[in-house]
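Data block below; observations after.
Order of appearance sets the numbers: ligands from 1, and atoms from 1 within every ligand.
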Amino acid sequence: MTTDPILSIRGLRKSFGAAEIIRGIDLELRAGERHALIGPNGAGKSTLFHLISGNLLPSAGEIVLDGEHIEGWTPERVNRRGLARSFQITNIFPKLSVFENVRIAVMQRHRLEYNFWRRIERMGSIREATERLLERVRLQHQASTLAGEMTYSAQRSLELAMTLASDPQVVLLDEPMAGMSSEETHYTAELIREVTAGRTLLLVEHDMDVVFSLGERVSVLVYGQVIATGTPDEIRRHQGVREAYLGEEHEA
Ligand SMILES: Nc1ncnc2c1ncn2[C@@H]1O[C@H](COP(=O)(O)OP(=O)(O)O)[C@@H](O)[C@H]1O
Ligand SMILES: [Mg+2]
C-alpha cells in the first residue's frame with residue numbers, strides 16, 4: 001500500500017554563519033508510521049526538528065506537511081496545521097500542578113482557534129480535554145501534584161500530554177527517554193506507542209533497543225545528511241551505518 005507522505009522534506013539546508021549544519025536532507029514520513037531518527041551527537045537532529053517545527057528558518061529546501069508548503073511558517077501556524085513537537089529540554093512549569101500544566105497547553109490550542117467569548121463558553125470542555133489527556137498518559141492520579149515534584153520520568157509523561165494537547169497528526173519527539181533508567185525507558189516507549197497510535201511519529205532516540213522496536217522505519221543522520229533510510233533490519237545490516245554510527249555508539 002502506498003500513500004502520499006504526510007511530511008516531505010526535500011533538499012533541506014541550514015547554515016549558521018559559515019557553518020552548514022543541515023546539508024541537503026531528503027526525508028519522507030508515511031502517514032501513520034513510527035519513524036526513528038538516529039545519528040551521532042551534533043549530526044543535526046535537533047536542528048532538523050527546529051526547521052520542521054518552524055523554530056528555525058531553512059537556508060534552502062522544501063518542507064511539505066500534508067500537501068502544504070510550511071517553510072517560513074511560525075511555530076504556532078505549523079502546530080495549528082497538525083504538527084507538534086517536544087523539546088530536548090523539558091519545558092514544563094515546575095511550580096504549577098500537573099493539571100494546570102496540561103490545561104495551559106489545552107488553552108493554547110483553543111486560543112489559536114476560538115475568540116475570547118467562545119473560549120469562555122468552552123471552559124467546561126477545556127477541563128474535560130485536560131482530564132482526558134491526563135488519563136491518556138496515566139497521570140490522572142497526580143493531577144494536583146506540582147510538576148516539579150514529580151519523578152523525571154513522570155515529567156516526561158506530562159510533557160507528552162502537553163504535546164498531544166493540539167491533537168496533532170504528526171508528532172516529533174526529541175530524545176524523550178534521555179536520562180531514564182531502563183525500566184522508565186521501557187515504560188515510556190510503550191506509552192509513546194499507545195498515544196501516537198493513529199498519528200505519525202518522528203522520534204530521535206539513542207537507545208537502540210527502543211529505536212529498533214518502536215521504529216517501523218529508521219533514518220540515519222550523519223553530519224547533516226541522511227545516509228540511509230530503511231526497516232530496522234535493513235539499518236542493522238547497512239554497512240555504511242555500522243561504520244558511521246553503530247560502531248561509534250558502542251565505544252561511547
Ligand atoms: N543556533 C545555532 N548556532 C550555531 N550552531 C548551532 C546552532 N544550533 C546548533 N548548532 C550546531 O549544529 C550542530 C548540530 O546540532 P544539533 O542539531 O543539536 O545536533 P544533534 O541534535 O544531532 O545532537 C552542532 O554542531 C551545533 O553546535
Ligand atoms: Mg539533539
> Has Ser46 got an N/O/S atom less than 2.8 Å from the Mg ion (ligand 2)?
Replying inline: yes

>> Taking distance alone, with N or O pairs closer than 3.5 Å, would you say Ala43 contacts ligand 1?
In response: yes

>> I'd like to check the side chain to side chain donor-acceptor pair (under 3.5 Å) partners of Arg34; sequence neighbours left out, ordered by chain and number.
In response: none

>> Could you work out, for atom 24 (C) of ligand 1, the closest of Gly42, Gly44, Ala19 by heavy-atom distance?
In response: Gly42

> Can you list the ligand 1 atoms lying under 4.0 Å from a non-hydrogen atom of Asn41?
Replying inline: 23 (O)

Could you go through residues 161-172 and list every donor-acceptor pair under 3.5 Å that involves a side-chain atom there, pairing it with any protein atom two or more places apart or in another chain?
residue	atom	partner	partner atom	Å
Thr163	OG1	Glu159	O	2.8
Ser166	OG	Asn79	ND2	3.2
Asp167	OD1	Arg199	NH1	2.9

> Is Glu194 paired with Arg138 through a side-chain N to carboxylate O contact shorter than 4.0 Å?
Replying inline: yes

> Is Lys14 paired with Glu20 through a side-chain N to carboxylate O contact shorter than 4.0 Å?
Replying inline: no

> Of the backbone atoms (N, CA, C, O) and the side-chain heavy atoms from C-beta on, which set of Ile21 has a member under 4.0 Å from an atom of ligand 1: side chain, backbone, both, or neither?
Replying inline: side chain

>> On a heavy-atom basis, which atom in Leu221 and which in Pro40 lie closest, and how many Å separate them?
In response: O-CD, 3.5 Å

